[in-house]
Each structure stands twice: as structure tokens, then as C-alpha cells.
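Quantities reported herein were computed from a predicted structural model and do not represent experimental measurements. The basis for the numbers below is simple: all heavy atoms, side chains too, and nothing from hydrogens, waters or symmetry mates.
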Amino acid sequence: MRWAVAESGDGGARLCPLEPDGRPAGVVVHEPSLVEAIRSRPEVERWVWRSTAEIYRPLLAAGVRVERCYDVQAAEALLIGHEEGQSGQPRSLAAAWARLHNLPVPPDAPARAAELQPSLFESGPVPLPPGADEFTALLEVYAGQIARTASTEHPERIRLLLAAESAGMLVAAEMSLAGIPWRADVHRELLDTMLGERFPGGSQPRRMAELADEVSRAFGGEVRVRPDLPNDIIKAFARAGIFLSSTRKWELQQIDHPAVAPLLAYKSLYRLYTAHGWSWLEQWVHGGRFRPEYLPGGTVSGRWTTNGGGALQIPKVIRRAIRADRGWSLVVADADQMEPRILAAVSRDPGLMEVAGRGEDMYADLAVRGFGGDRAQAKLALLGAIYGQTSGDALTHLAGLRRRYPAAVAYVDDAARAGAEGRLVRTWLGRTCPPVSVAAPDQEDLSGESLGASGNTSAARARGRFTRNFVVQGSAADWALLVLAGLRHAMSHAGLRAELVFFQHDEVIVHCPSKEAAMVAEMIDSAADTAGRLAFGPTPVRFPFTTAVVECYGDAR
């Protein structure tokens, strides 16, 4: 049974059971404590509330965990995107209620700045108009969302997507509370070794200062060149008769000049120093844990982002500091060739599904079947189809792929064409990429070209490249949410002490007592298979993970 719950103005809660259509199935109960209201009802299968980020974190702080929820705010974001292609529009309960009553839609609250650690208590929600009752609004909006879901082309898929997104919200809150086990002493040792000692007054550490001097000497030493200023570097090379359009690594590597080696070394250390240096360590790691704030569905494709901390861009060298507690292990699982397997499942291409259901290495199998055994060519062709790389060797290989797997290539071709024409494009479960006129700011192709509201041919092609990948990458993000939900459920019902501590689009880390590691690894595999069946129905496609049980994250690759 589902129950709706909302905080009341006196610090308590109002709640009631719900009918399948969202209407109340009993009387509305007032409880003096939200925490106790939920703690005392473990039999409730799913809680319906306005926002997991606003309600669940205080519950977690009080030691209360729930099995399932329905996040009205997350559902509104997906439904408004699906119905009108209006991704990024206000999604609060107040906004959803206003749409329901044809009233002006209030904007969402401004994004909260990243904190040193995510707060367990959020700022207040967007207020409803005077006289409107929050619990009544919650019931009305939820019932309306159920009706809206039922009216979609594939309601069963949208229902699954809404459930998966809500599950992701629970996982995100729990991971932020658990934190990634982090050895600050190991991190400091790495920084000292790579950057050298720090000097007083905020000067650069010794090794960076030495490299900066090397760069200046390589240009003759007459003019001080600051390697952290791109304009300084471009001007210095111009004085040497070398003209650059940028200071990107790939462009610098084409140059034969003695400044290149120390400059590239400096840039690498500079990124480490600014993104994960001593200041970052002091700000973000406390009590042996790094607790980032995860933002599920932070991008149009459904991939997660974080609010500060750079949790999804941890350099390989810094991963040496991520270490399990004594007697515990890290189970690090990477989905193998996730997007090609997703393409096989969503395109229903018989040949590609057969390949995706065989061995662990799709590219090797593809190579044997049509690329003369050349795995590199097979990989180039398949990724070229997904990412729209249609020049040079990729174009030649794509033609061969098109002959052998026509349905798969046609699937992404159709998505690219729809995107270029400005139409809505959806993932398998129904997450929607908005049309050009309302393109979200995170829609950029690999070249960095904006896919905004421009009617020119270049922008249309760029959006086509984005939507070509969107139907695969977004469907992969939806599948990954189901994996997380299944794994969380399995670990909880087995009574394990294991906890999810990290997730990005194709990787998950579980921190667990070492004796539970083998069981967790099996649960990950089982969750992946179940997610595949739930999302895509019965197909021969397999979704294997490469799993490592390690004490240190840096040893997992």
C-alpha cells in the first residue's frame, strides 16, 4: 500500500493511505512527528512525498530508512519533459499544483551553493499560494501525475522510469550520508610527493614552481611566462614563431619545442592542486569520509552530477586515498561495454542482440563477424555509430556495420534525424530530450558546440549528434537506476551491513565487511540482469560487470 505524507506547519506530519488512482483510501491522520509517523509504519510499501532531498535526509539523520518512495518533484520534471519537451522547467510541488489549476507557475528556488558537506536539512520548499493546503496539493498533484502517466504512449515504461528516478533519489541521499571512505593521511602523502612542500603565503608548491621556471627558461627566460595563463603561453609560442589556437593538451603535443614537456607536466599538477589539493581535502573530508551531494538526473540524459566536491572527476592518482575500513572491502563494479549493449537492446537488432548475448567482449565478437578479426576497427565502427563519428576510417567502418546490423544503425540514425529536425527524442523508458527551442544548457556535443535555439544548419547537425547518443546514453542511465534500486533492495533484504558509497554512469562501489564481498558481487550481477529484463523485456542481451574486490580503489583498475 502507498501512503502520502507531508510535513505540517507545527513540525508534525499529515498522512493517509492511497487508492491506486491516488485518491485517499482512508482518513487523514495528523502525527506530532514526521520521523515517528514513518518509523511506526514499516508496512508501508511506498511513501509519496514532495521531494526526497527535502524530506528523506532528516529521516536518515534520525536513523529512519524507507523501502520505496514516489518523489513528486522528480516525477514532475520527467512528466513535463515528456509531455511538452520542457526539460528544466520548474518542478516543485507548488509549480505542479499551479499547472494543475492553470495558474502562473512559480520558479524553483535558486540552486543552493555547494557546502563543505551536504546539509541534512534543506531550505524550505517553494511556497504554495496563500490559502492553499500542502497536503491537499500533494494529493491532487499525485493523482494528476498518475492520470498523466496513464495517458502516455507507453505508460508502463513511464511508470518504471518514475519509480527508478525516485529510487535513485533515495540512493543519492543514503550515499551522501554514508560517504566514501577516505584516508586523509594517504591523500596528503600523495600531494607532498607529487607537488612538493608548500611555501607560506599561498605560493605554489615547490614542484609546480620548478616547472614554471623550466617553462620560462625554455622560452629564453627574458620574459616571465606563467603556465597557468593561456594567453601567456600562446604569446610565448607566437614569439617563437609557433601559432596556437588554444593550449589544449592535444594541440601542444603536436609541437616540437622544449617548453612542451614542462608545460604539460605543470598543467597536470595544476589540475590536481586546484581540484583535489590540500584546500579540497580540508574542506570535503571529515571523519574519514568524503560526502558529496549527488544530484540524480542532473543532466538531460539522466546522468548524475554533484553539487561541489568533484566526486565524479576523481583523478586516478587520488583514488589511492579511497580505502576500505579495517576488516572491510570495496566492491568496485564496472559495466562492460554498457552503451553498445544498450543499443542492441533498444534497437532490437537481431544480429547485434546475438553478439551482446554471447561473450564478455562485444568488440572482439564483432571483429570476428565482419571486421577481419580487427577489434579496434569493430570498436571504432560501433562507437562511431553511437557518437556520430562519420569521417575518415569511422565512416568506412560504419558502412560495414550498417550492412550487418541495419536495425541498430537505423535506430541511432532516426534519433539523429529527429534531433536535427527539432523534434522530441526519448529514451526507451521515456526520458525526453527537449526540442531546439528549449534546449537545456548542458546539451553540448563532443566538440563543445552549443545546441541551443539556433536555426542554422550547424546547430541542427550538432543537435542531431547529441540526440543520436542521447537515445543510447539516456537509456543506459535509466537502466543504471534500476541496477541501483535492485542492488539496494537485495542488500537490505539480506540484512547485510554493506552500503552503496559511490556511483557514476557505468560504475558502482559498495563498502562492505570483507566476508560480504562475494555476496555483494553476485547481487550486482543479478541486479544488472534483472534491470535489463525490467527495462527492455526479454532479450538475449547480457549486461555483465567487471568486479574487483579491493582494499584500495586505486587497485581496482
Side-chain angles (χ1 to χ4, degrees), residues 77-89 152-154 157-158 161 297-303 338-340 342-349 352 379-479 505:
L78 291 170
L79 287 172
I80 197 67
H82 187 90
E83 295 161 346
E84 303 176 24
Q86 296 291 319
S87 295
Q89 297 301 303
T152 60
E153 182 180 1
H154 299 289
R157 297 186 190 178
I158 293 293
L161 177 61
T299 67
V300 168
S301 68
R303 284 189 173 184
M338 178 175 68
E339 291 186 355
I342 294 292
L343 174 58
V346 298
S347 69
R348 294 301 203 260
D349 187 290
L352 196 60
K379 181 177 181 179
L380 182 65
L382 192 51
L383 294 183
I386 295 173
Y387 288 98
Q389 297 166 343
T390 55
S391 61
D393 290 342
L395 181 60
T396 302
H397 300 323
L398 180 60
L401 192 73
R402 195 185 303 277
R403 288 193 301 271
R404 296 178 181 87
Y405 308 106
V409 179
Y411 191 87
V412 289
D413 282 348
D414 290 345
R417 188 177 306 109
E421 294 171 358
R423 292 184 277 131
L424 296 181
V425 179
R426 309 190 196 281
T427 67
W428 181 260
L429 293 185
R431 192 183 301 270
T432 305
C433 178
V436 171
S437 60
V438 292
D442 67 331
Q443 287 186 63
E444 292 187 352
D445 77 339
L446 297 178
S447 68
E449 181 176 4
S450 173
L451 311 187
S454 169
N456 62 46
T457 303
S458 177
R461 285 198 301 266
R463 186 172 188 272
R465 286 193 296 272
F466 180 85
T467 52
R468 169 186 290 274
N469 180 236
F470 171 84
V471 292
V472 180
Q473 185 185 104
S475 296
D478 298 343
W479 167 82
H505 66 281

H82 side-chain N/O to G430 backbone N/O, donor-acceptor pair under 3.5 Å
yes

Closer than 3.5 angstrom, by distance alone: can the side chain of T467 be matched with the main-chain N or O of G464 as a donor-acceptor pair?
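Yes; judged by distance alone, with no hydrogens or angles, the pair exists.
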
How far apart are the closest heavy atoms of [X] and [Y], and which atoms are they?
{"X": "F470", "Y": "C433", "result": "CZ-N, 3.5 Å"}
{"X": "A477", "Y": "S301", "result": "CB-O, 3.5 Å"}
{"X": "T427", "Y": "S475", "result": "CB-OG, 3.5 Å"}
{"X": "W428", "Y": "V346", "result": "CZ3-O, 3.4 Å"}

Taking only residues two or more places apart in sequence or in another chain, which ones pass salt bridge (Lys or Arg N to Asp or Glu O under 4.0 Å) with D413?
R402, R468

Would you please name every residue forming a salt bridge (Lys or Arg N to Asp or Glu O under 4.0 Å) with R431, sequence neighbours left out?
E165, D478

First locate atom CD of E339, then atom CD of Q473, and finally report the distance between them rounded to the nearest 0.5 Å.
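Interatomic distance, E339 CD to Q473 CD, rounded to 0.5 Å: 5.5 Å.
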
Roughly how far, to the nearest 0.5 Å, is OH of Y411 from CD1 of I386?
12.0 Å

K379 vs P340 side-chain heavy atoms within contact, under 4.5 Å:
no

Quick one: does D349's side chain get under 4.5 Å of L343's, heavy atoms only?
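Not in contact.
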
